[in-house]
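Please read all numbers here as calculations on a predicted model, not as lab measurements. Per chain, numbering begins at 1; letters A, B, ... match sequence-line order.
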Amino acid sequence: MIELEQVYKAFGNNRVLRGMTLRVPKGTSTVIIGGSGTGKSVVLKCIIGLLAVDHGRITVDGSDVTVGDRDAFLARFGMLFQGGALFDSMPVWQNVAFRLLLGSQKLSQADAREVAIEKLRRVGLTPDVAHKFPAELSGGMQKRVGLARTIAADPEIIFFDEPTTGLDPIMAGVINDLIREIVVEIGATAMTITHDMSSVRAIADTVAMLHNGVVQWTGPVQDLNNSGDPCVEQFISGSVDGPIEAIR
Amino acid sequence: MEHVLGSIGQQVLRALAAVGRVTMYAFLVFAHVLRPPFYLREFKNALFQVGWLSLPVVGLTAIFTGGALVLQIYAGGARFNAEAVVPQIVAIGMVRELGPVLVGLMIAARVTSSIAAEIATMKVTEQIDALITLSTHPFKYLFVPRVLAGLITVPLLVGVGDIIGIFGGHLVATQSLGFNSVTYLQSSYNILETRDVVSSLVKGCVFGGIATLMGCYYGQNSGRGAQGVGRATKGSVEAAAVLILGANFVLTSLFFSV
Ligand SMILES: Nc1ncnc2c1ncn2[C@@H]1O[C@H](COP(=O)(O)OP(=O)(O)OP(=O)(O)O)[C@@H](O)[C@H]1O
Ligand SMILES: [Mg+2]
């Protein structure tokens, strides 16, 4: 269970999170939606400890994320960055197998490569990609390599920052299925950020709408169409008129 | 007046704060050397990048400098019939000062800039964040291997530079100034004391540490975007060059002020 209680985070005068509260039960899939620049990526970075919050508390299974053994904490997580964040100095398979090669498991090169190729297959990439460098891949392929790296060590808690952005609809479907599969079969806890409403419906148990630094609306994905919340309605319809300003 | 003093004071305070931060940073890097894990593959790669690949530029710098030095000292010495001391002065000048300083500055240009640009790019593309989420400490994985490689390889490069510089001088002296090859080398060798050589290598070690540390420090503290990377690179080279020259003065006065 991940819990955020009254979390505040500002960058200078830019007050991004303003008392955000959210609970993500174990083994469920939560999707965060919200306008561009509202702080969705910042939320994930705060939970995993890449950014320190100004006020408030974030706990994972009851223990504060800022105290305790960082290595043991991070070992439970996988995170897909919005920009992929692949290591451009190493080939794709080493990216995917990074944790397996250097982490506590320390697999042999051959074993790690095998796992990497298997994970690449799961995100719809062929084995010949394994020996290329990230710069040789298209944007969507890089995203999927990032996804393969995120799930390579079978983490319990997985953050996906826009996993289907830049993918064609078929590949997006593959990735949606994969995320769903990881949650249902392995029982992982997933938090996903996406702007793609069909993706929201495919992978979410719960949806949380971030607006003005707080969770404006949250509820089960079935209630999305009759949320009664003007922000959510505007988001689904994609209308320019509504509480979410078009110029931010 | 008050205004001027105030702004000078502010500058001084800012400079002191920067020195404090860099010192803290250096301590952090060295603290991480002592605690496992140690990334051997990264370290070997850094040895190759910092040491081996710098050899050509170091060799060329040294050979031209040694050659020019001989011409200058010969011309200067001729004014009071002291042409005979050319080999000695070139050897001392090269080993004590020019070898370490020029190699240090070339390393600042070549290695500091590339480390800063690489790490800054990793930072702005969130690769360092990704490293952290993959349970890998950037100090251990990125900074320790590079700084250690600088500490180990730059003194060796300085040693190589010293020797090549002396031979560059020897080449010019024998080919165009009519010096006898054997006596030239003999005089160069005889004049050098252990202290000269040790000071040269110690300087190399310190400069290597400064150069790599500044690359890592500026890279890690880079601003966002391409402009951030550019600023980090420029700042790292400036800082490394100035610190190397400053450290050179301090080390020279420690070794030779007696
Ligand atoms: N490291 C940082 N330093 C300064 N400001 C930051 C930093 N990270 C994020 N911000 C600011 O915080 C705000 C929220 O950023 P964030 O990346 O979380 O947006 P987002 O909701 O993920 O948007 P998008 O949907 O476009 O990805 C933005 O105004 C951004 O400028
Ligand atoms: Mg984002």
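In terms of heavy atoms, A/L74 sits closest to B/I132 at CD1-O, 3.2 Å. Between B/A130 and A/A85 the shortest heavy-atom distance is CB-O, 3.8 Å. Nearest heavy-atom pair, A/L86 versus B/Q127, reported as atom, atom and distance to 0.1 Å: O-CD, 3.1 Å.
Within the 4.5 angstrom heavy-atom criterion, no atom of A/L80 approaches chain B. Both the backbone and the side chain of B/L131 have a heavy atom closer than 4.5 Å to some heavy atom of chain A. Contacts between B/T136 and chain A at a heavy-atom distance below 4.5 Å involve the side chain alone, from C-beta outward.
Residue B/F38 qualifies as enclosed at atom CZ: its count of foreign heavy atoms under 6.0 Å is above 12. For A/R76, the CZ atom counts as densely surrounded, since its 6.0 Å shell holds more than 12 non-hydrogen atoms of other residues, nucleotides or ligands. Within 6.0 Å of CZ on A/R15 lie no more than 12 heavy atoms contributed by other residues, nucleotides or ligands. Atom CZ of A/R23 has 12 or fewer heavy atoms from other residues, nucleotides or ligands within 6.0 Å. Surrounding CD of B/Q227 are at most 12 heavy atoms belonging to other residues, nucleotides or ligands under 6.0 Å away. Counting heavy atoms of neighbouring residues, nucleotides and ligands inside a 6.0 Å radius, atom NE2 of A/H55 does not exceed 12 of them. B/F167 CZ: 12 or fewer foreign heavy atoms inside a 6.0 Å radius.
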Inset, instruction - Carefully, step by step, assess A/F87 and B/Y141 under the rule ring-ring contact (aromatic ring centres under 6.0 Å, His included). - result: CA-CA 13 Å; A/F87 304 126; B/Y141 187 76; 7.2 Å; no
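Between B/L134 and A/R149, the closest side-chain pair of non-hydrogen atoms falls below 4.5 Å. A 4.5 Å side-chain heavy-atom check between B/E126 and A/M79 finds every atom pair outside the cut-off. Residues B/T133 and A/F77 have side chains not in contact (no heavy-atom distance under 4.5 Å, counting atoms from C-beta outward).
Contacts of residues 212-222 of chain B with chain A at a heavy-atom distance below 4.5 Å are absent; not one residue qualifies.
Within the model, atoms CG of A/L101 and CZ of B/R41 stand 7.5 Å from one another, a figure rounded to the nearest 0.5 Å.
When each of A/D88, A/T150, A/I48, A/D71 is scored by its heavy-atom pairs under 4.5 Å with chain B, the top score falls to A/D88.
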